[in-house]
Asks: 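My questions will all concern the structure given below.
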Protein chains: 2
Amino acid sequence: MYKPNFIHLLLTFCMTDNPDLKEFWEARPLMLPSVSIDCVIFGYYDNQLKILLLKYKNTDCYALPGGFINQDENLEDAAARVLNERTGLKDIYLEQFYVFGDKDRRFDATHHKLMNGSGIILKADHFLLNRFISIGYYALINFSKATPMPDVFSDSCTWHDLNLVPSLIFDHDSILEKALHTLRKNLDEKLIGPNLLPETFTMNEFQNLYETILGEKIARSNFQRKILGLHMLKRLDKKITGGAHKAPYLYCFDTKTASKP
Amino acid sequence: MYKPNFIHLLLTFCMTDNPDLKEFWEARPLMLPSVSIDCVIFGYYDNQLKILLLKYKNTDCYALPGGFINQDENLEDAAARVLNERTGLKDIYLEQFYVFGDKDRRFDATHHKLMNGSGIILKADHFLLNRFISIGYYALINFSKATPMPDVFSDSCTWHDLNLVPSLIFDHDSILEKALHTLRKNLDEKLIGPNLLPETFTMNEFQNLYETILGEKIARSNFQRKILGLHMLKRLDKKITGGAHKAPYLYCFDTKTASKP
DNA sequence: GTATCATTGTTACAAATTGATACAATGACT
DNA sequence: AGTCATTGTATCAATTTGTAACAATGATAC
């Protein structure tokens, strides 16, 4: 744990002598005031929809990955940067889904607790204690390609099963809920498969993804008929597995037809 | 036109001696920095979808009504206030549809031009010249109940037919486009009728509204079957009009069933 | 008063989509 | 070879949607 040494950083009014944190805080004047970003990062593995959560050091506080927007940075790029910092991935599917901006959207007590966990004492006029609006983005990523990485304030950055999510700090619970709701609503219009699935997959895996997102069962044969009717999949070789049954085909997305208008 | 008298307003760095404007500018420190709101206000009249536009004084610049967010004001309330200031209406249907926030979303030349139209010379470090992100809301209002009112910077606040909209300042063209796109997308889920139509209306008027928003014709009998099947309308008396044909029924929305889940 | 006409409310039927079920094919295991 | 779970496909019913027709009605023209 850091020992605060009461050096007063002119621009940021917090106390720390850790060089990483110092850099972090001193960069703040370059950011767009009042605005933050929160990312709901969805991954799919083991027939489960999962999201990436940070756990703050020396606390039991879980949070969505988030960050601020640099003055010379597009909103979308800031979200992509946050995502890249937590997963190592680039060129990821991102969708802005809502802005959260209640007048009492400030969380003084929690911010103090979180920073205390990293040995930082926030002064009363620290910018973190101001009101922020937060722009929500959700990302769909290929689970196996991501390398979750905690930030300087967190112990861990780990996947959580969607129906085993701990309660989150701030208003992150409702941000997550809204993200999930938007994902479900967009499921028929936006092509979510290529982002969440590996290169090749079976029809059963594809159906499981839909069922997991929608939270309901789909009749197998009807699903197959519908999906194949969209001509978005290319059928590949038979999969040779150890299952005591007929081997399923493998499919991949047909890039010629897989994009919808 | 105002004669700038070079009084320097400490907090706002613009030059004017008009008391209204002075109050306007001096209120700025209470606003949430970097964030603005733009409202696309839809009305429906004469079988046409219309939007409300401001025209800046002594310019040919048209703009969506917009404003800033007070520090102690919810985003939604700020949008409702902007709407109220331009139309006199309260308790209006409002939907947040997107946030626009490119890094080069700053419009120095246009801002100078707009303010010059009101006799104001903006200093180089005026807050208006900073980067702003803008949260887009669209509103659906009852055309006949609105009283369009220009603000201090504009000549006029008038309805414009959607297919006769002049080119707009800033990125307001693309904001309008996105609003319209979202409205169309939401048409099946959100109940837009009660907001755009008068208390009572004929089925034909209702269908015209849908056709206007979607930009395509709908088969009459199918529309009637579908709408009546939703049980959201109550049938009232026959309408007695001068039409040389069968008199249509009047309908109103059935408040018991008119809200969808 | 009667004929005409445009529009409305309703019905009838075809086409398409969706839901539910059945069945043959397959590949590993016993 | 027989069993078994799962897959790919076909079949038929139920529902929804597309298209067209038809009778009802209320003004106008004669």
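Residue numbering restarts at 1 for every chain, and letters A, B, ... go by the order of the sequence lines.
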Asks: Hey, does the side chain of B:N204 come within less than 4.0 Å of C:dT7's phosphate (OP1/OP2), counting only N and O?
Replies: no

Asks: Hey, does the side chain of A:D151 reach the backbone of A:F153 with a donor-acceptor pair shorter than 3.5 angstrom?
Replies: yes

Asks: Which word best sums up how the rings of A:F223 and A:F206 line up, parallel for under 30°, tilted for 30 to 60°, or perpendicular for over 60°?
Replies: perpendicular

Asks: For A:L209, is there any backbone N or O sitting under 3.5 Å from a side-chain donor or acceptor partner on A:Y44?
Replies: yes

Asks: Write down the distance between CD1 (B:I227) and P (C:dG9), rounded to a whole number of angstrom.
Replies: 13 Å

Asks: OH of A:Y251 versus P of D:dT7: gap in Å, rounded?
Replies: 10 Å

Asks: Which comes earlier along DNA chain C counting from the 5' end, the contact point of A:A247 or that of A:R225, where each point is its nearest nucleotide?
Replies: A:R225

Asks: How many Å lie between CG on B:L233 and C1' on C:dG9, as a whole number?
Replies: 14 Å

Asks: When you check the phosphate oxygens OP1 and OP2 of D:dT16, does a side-chain N or O of B:K226 lie under 4.0 Å from one of them?
Replies: no

Asks: Which nucleotide in the list D:dG8, C:dT7, C:dA12 gets nearest to the side chain of B:K246?
Replies: C:dT7

Asks: Report yes if the distance between the aromatic ring centroids of A:Y45 and A:W159 is under 6.0 Å, otherwise no.
Replies: no

Asks: Atom CG of B:D188 and atom P of D:dT16: how far apart are they, to the nearest Å?
Replies: 15 Å

Asks: Looking at residues 214-224 of chain A, who's got a heavy atom less than 4.0 Å off DNA chain C?
Replies: A:S221, A:N222

Asks: Is there a donor-acceptor contact under 3.5 Å from the side chain of A:E189 to the main chain of A:N186?
Replies: no

Asks: Is a side-chain N or O of B:E211 found less than 3.5 angstrom from the main chain of B:I218, in a donor-acceptor match?
Replies: yes

Asks: For the pair made of CE in A:M203 and C1' in D:dT9, what is the distance, rounded to whole Å?
Replies: 12 Å

